[in-house]
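Reading through the structure tokens given below for one structure.
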Amino acid sequence: MTTAAEDTESNSTRALDESAPESTNGSTKTTTVEAPAKSGSARDFGARIVTRLGGATVAFTVLVAIFGGLFTVLTPPFWGHDEITQFGRAYQVAHGGLLPQQIHDTRGVAYGGDVPKSITAVMGYALRDYTTNPEEPGSMVEDPGAYDRLGGAAVSDATEPVWFTNTAAYSPVPYIPAAVGIRLAELFGLDVGGMIALTRLAGLLAYLAVVGFGLYALRKHRVQWLAFTVAVLPIAVFQAGTVTADTMTNALAIMVSALLVKALFLGDRLGRVETGALLAATILLPVSKPTYVLLAMLVVLVPADRLGFTGWRRWIPWAFAAAGGLVFAVWMKIAAPTGDGMGLMRPEHQWRSVQPGEQLRGILTDPGHFISVFGESIALRDQRWFSQFFGELGFAYIDVPALTMLACLFAFAVSIGVADRLSAATFRRTLLVALTVAASVAMIYVTLYMSFTPVGYYIIDGVQGRYFVPLAIVAFAVLLRWMPLRLTNIAGRTPTVGPAVTIIVATVIALIGAVWKYYDIVWG
């Protein structure tokens, strides 16, 4: 049996990682290294916290709180990804508008809802500001004081309709944190700027809580650092600091992935709370974003005894999977009419060119054409998807610097290299997971082909690298299950403390680079 650290390591260093693997019948067991207590020592208190919660959990909480908070403050109002329409849908949900609401629009079919005029004033200004930028080296924000003036206004009673057909298709589930933030802002009588800030912070807190729980579940395994590396990607942290349904979607997907890795690939039995969280997410994730429905369905591959079920209770995961599939189908039926209005997101000459029904018929009757378009999309856009996976920050469309991408890649290399041997999953189950990931990727392309790409267009338009982040952990788990290579030190042991520190440092460098570039270009 090997411990998580060499015998000569100090107590505080030991606490960075409390586990080391011991392979028994294809599953990974852990041994916990407890450091002797030193009463009254702040350093020892920190070591105990890390030992109890897991190094990745603590590092994630600290770094995302800091850098997510920075993005919350530094991102001008409504400069996040679709933040105007995301906030509009969140405001609608906060006031009881759970279903898509059709609004009048002379251009064609449209969905949206009413938003206070004092908020739409900021939306309109932000839209003009980020679409009319000066040449370098001028800052993208034309007048920083304008946001302070507009944000200092009281939230008006008078409202006006806002178009958000693209987000009206989302269920209320991923907007719950933002809706809570909006209602609290109203309760406290905050001004427009305060409401926007509190709505963003509510999403950030939800991301910290849900993802933190997933990392905590992996605290006794070195694979926690792989989940950490995905969770702190600059694009994920940026989105957690702005108003978007993707914040909750990413959080649920990462938590589900962490619990699946623990139960399916590591062979550990989940606790009651962990099982409950996984089953709940089986219903919540499919209605947060349809493209990740299959990820939630993987719960049925976990042996029932690892979820704490025996006898007739073995069918409980299947019941939840069925319920998740049912609510997914119901919401898709409800949201289907919004697809007819998605063309209004295109340039004016393409307003009526997005026809989901026509695209679906094309896929079924001429799959060769779709495959050709798919291949052309990869040839022309794969480099953009790659950089966007690390970060294209909001509607400023700022790519994170090369230093950030290199640091993230280095963190991935180390976290993959020191991960546990995920031998508990059988070949058949691993193959099914791999096929599920492939099918989920295909759903991303098919969905955007039908809902955003004009008929006859030469590529599948609208695909962004950030859409693949929720699938990354499970995809890497499949790779690790079939890849026997691991990093070892000169003693033949897989190191723990050194890699953990290396990953944290690389992550800090990556996030500092992203924040610095964003601030420099946006604010000057």
Side-chain angles (χ1 to χ4, degrees), residues 77-131 150 153 155-183 185-186 192 195-196 199-200 202-203 242-249 287-290 331-348 350-356 394-395 447-448 450-452 462:
F78 303 117
W79 280 47
H81 297 95
D82 291 314
E83 196 169 15
I84 289 177
T85 57
Q86 296 282 359
F87 187 93
R89 177 60 172 148
Y91 190 88
Q92 184 182 58
V93 171
H95 293 85
L98 305 183
L99 302 179
Q101 175 186 332
Q102 192 165 356
I103 60 174
H104 175 71
D105 194 315
T106 56
R107 300 173 300 170
V109 176
Y111 288 80
D114 292 333
V115 174
K117 287 186 175 181
S118 56
I119 294 178
T120 62
V122 185
M123 290 177 172
Y125 183 85
L127 179 63
R128 291 190 298 273
D129 203 17
Y130 63 64
T131 53
L150 291 169
V155 177
S156 61
D157 293 328
T159 62
E160 62 181 346
V162 171
W163 184 99
F164 48 84
T165 300
N166 61 322
T167 57
Y170 290 157
S171 82
V173 170
Y175 293 104
I176 291 175
V180 170
I182 290 171
R183 297 299 286 182
E186 293 173 339
V192 171
M195 175 176 284
I196 296 170
T199 305
R200 287 176 167 182
T242 57
V243 181
T244 170
D246 288 345
T247 297
M248 198 62 182
T249 300
V287 291
S288 293
K289 205 159 192 177
W331 185 259
M332 289 297 291
K333 178 68 174 179
I334 292 172
T338 64
D340 295 331
M342 288 295 290
L344 296 184
M345 295 187 68
R346 311 286 313 182
E348 185 174 354
Q350 295 178 342
W351 280 354
R352 292 168 180 81
S353 63
V354 178
Q355 302 175 23
F395 276 8
T447 299
L448 288 166
M450 292 174 55
S451 66
F452 191 71

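Excluded from the calculations below are hydrogen atoms, water molecules and symmetry mates; all remaining heavy atoms, backbone and side chain alike, are included.
- Residues passing the ring-ring contact (aromatic ring centres under 6.0 Å, His included) test with F78, sequence neighbours excluded: F87.
- Put simply, CD on E348 and CZ on R346 are 14.0 Å apart, with the number rounded to the nearest 0.5 Å.
- At a threshold of 4.5 Å between non-hydrogen side-chain atoms, the residues L344 and T165 do not count as touching.
- The main-chain N or O of W351 is never found under 3.5 Å from a side-chain atom of R107 such that the two would form a donor-acceptor pair.
- At least one side-chain heavy atom of M123 sits less than 4.5 Å from a side-chain heavy atom of V115.
- Considering CD1 of I103 and CG of D114, their distance stands at 8.5 Å, rounded to 0.5 Å.
- The shortest non-hydrogen separation linking P356 to G339 is CG-O, 3.9 Å.
- Listed here is the closest heavy atom pair of A178 and V243: CB-CG1, 4.3 Å.
- Here the closest heavy-atom approach between residue P77 and residue A126 is recorded as O-CB, 3.3 Å.
- Relative ring orientation between W79 and Y130 is described as perpendicular, the plane-to-plane angle rising above 60° on a 0-90° scale split at 30° and 60°.
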Query raised in the report: Which is it for T244 and T247 under the side chain to side chain contact (heavy atoms under 4.5 Å, CB included) test, yes or no, and what are the steps along the way?
Result: CA-CA 6 Å; T244 170; T247 297; 3.4 Å; yes
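- Within the model, atoms CZ of F164 and OG1 of T338 stand 11.5 Å from one another, a figure rounded to the nearest 0.5 Å.
- Looking at every heavy atom in both residues, T199 comes nearest to G181 through OG1-C, 4.1 Å.
- Using a 4.5 Å heavy-atom threshold, the side chains of S288 and W331 count as separate.
- Side-chain atoms of V192 and L150, non-hydrogen and from C-beta on, never get closer than 4.5 Å to each other.
- Side-chain atoms of T242 and E83 form no donor-acceptor pair, as typed in the model, at a separation below 3.5 Å.
- Residues Q86 and Y175 have side chains in contact (heavy-atom distance under 4.5 Å, counting atoms from C-beta outward).
- A pairwise comparison of heavy atoms in M248 and P177 identifies SD-CG, 4.0 Å as the closest pair.
- A donor-acceptor pair under 3.5 Å links the side-chain atoms of T167 to the main chain of T85, judged by distance alone.
- Interatomic distance, CE of M195 versus OH of Y91, reported as 6.0 Å (0.5 Å rounding).
- Within the 4.5 Å cutoff, no side-chain heavy atoms of D246 are placed close to those of H81.
- At a threshold of 4.5 Å between non-hydrogen side-chain atoms, the residues Y111 and Q92 do not count as touching.
- With values rounded to the nearest 0.5 angstrom, T249 atom OG1 is found 6.0 Å from K289 atom NZ.
- The shortest non-hydrogen separation linking A168 to P100 is O-CG, 3.3 Å.
- For the atom pair T131 OG1 and F395 CZ, the distance stands at 11.0 Å (nearest 0.5 Å).
- Annotation: side chain of M345 is in contact with side chain of W163 (closest heavy-atom distance under 4.5 Å).
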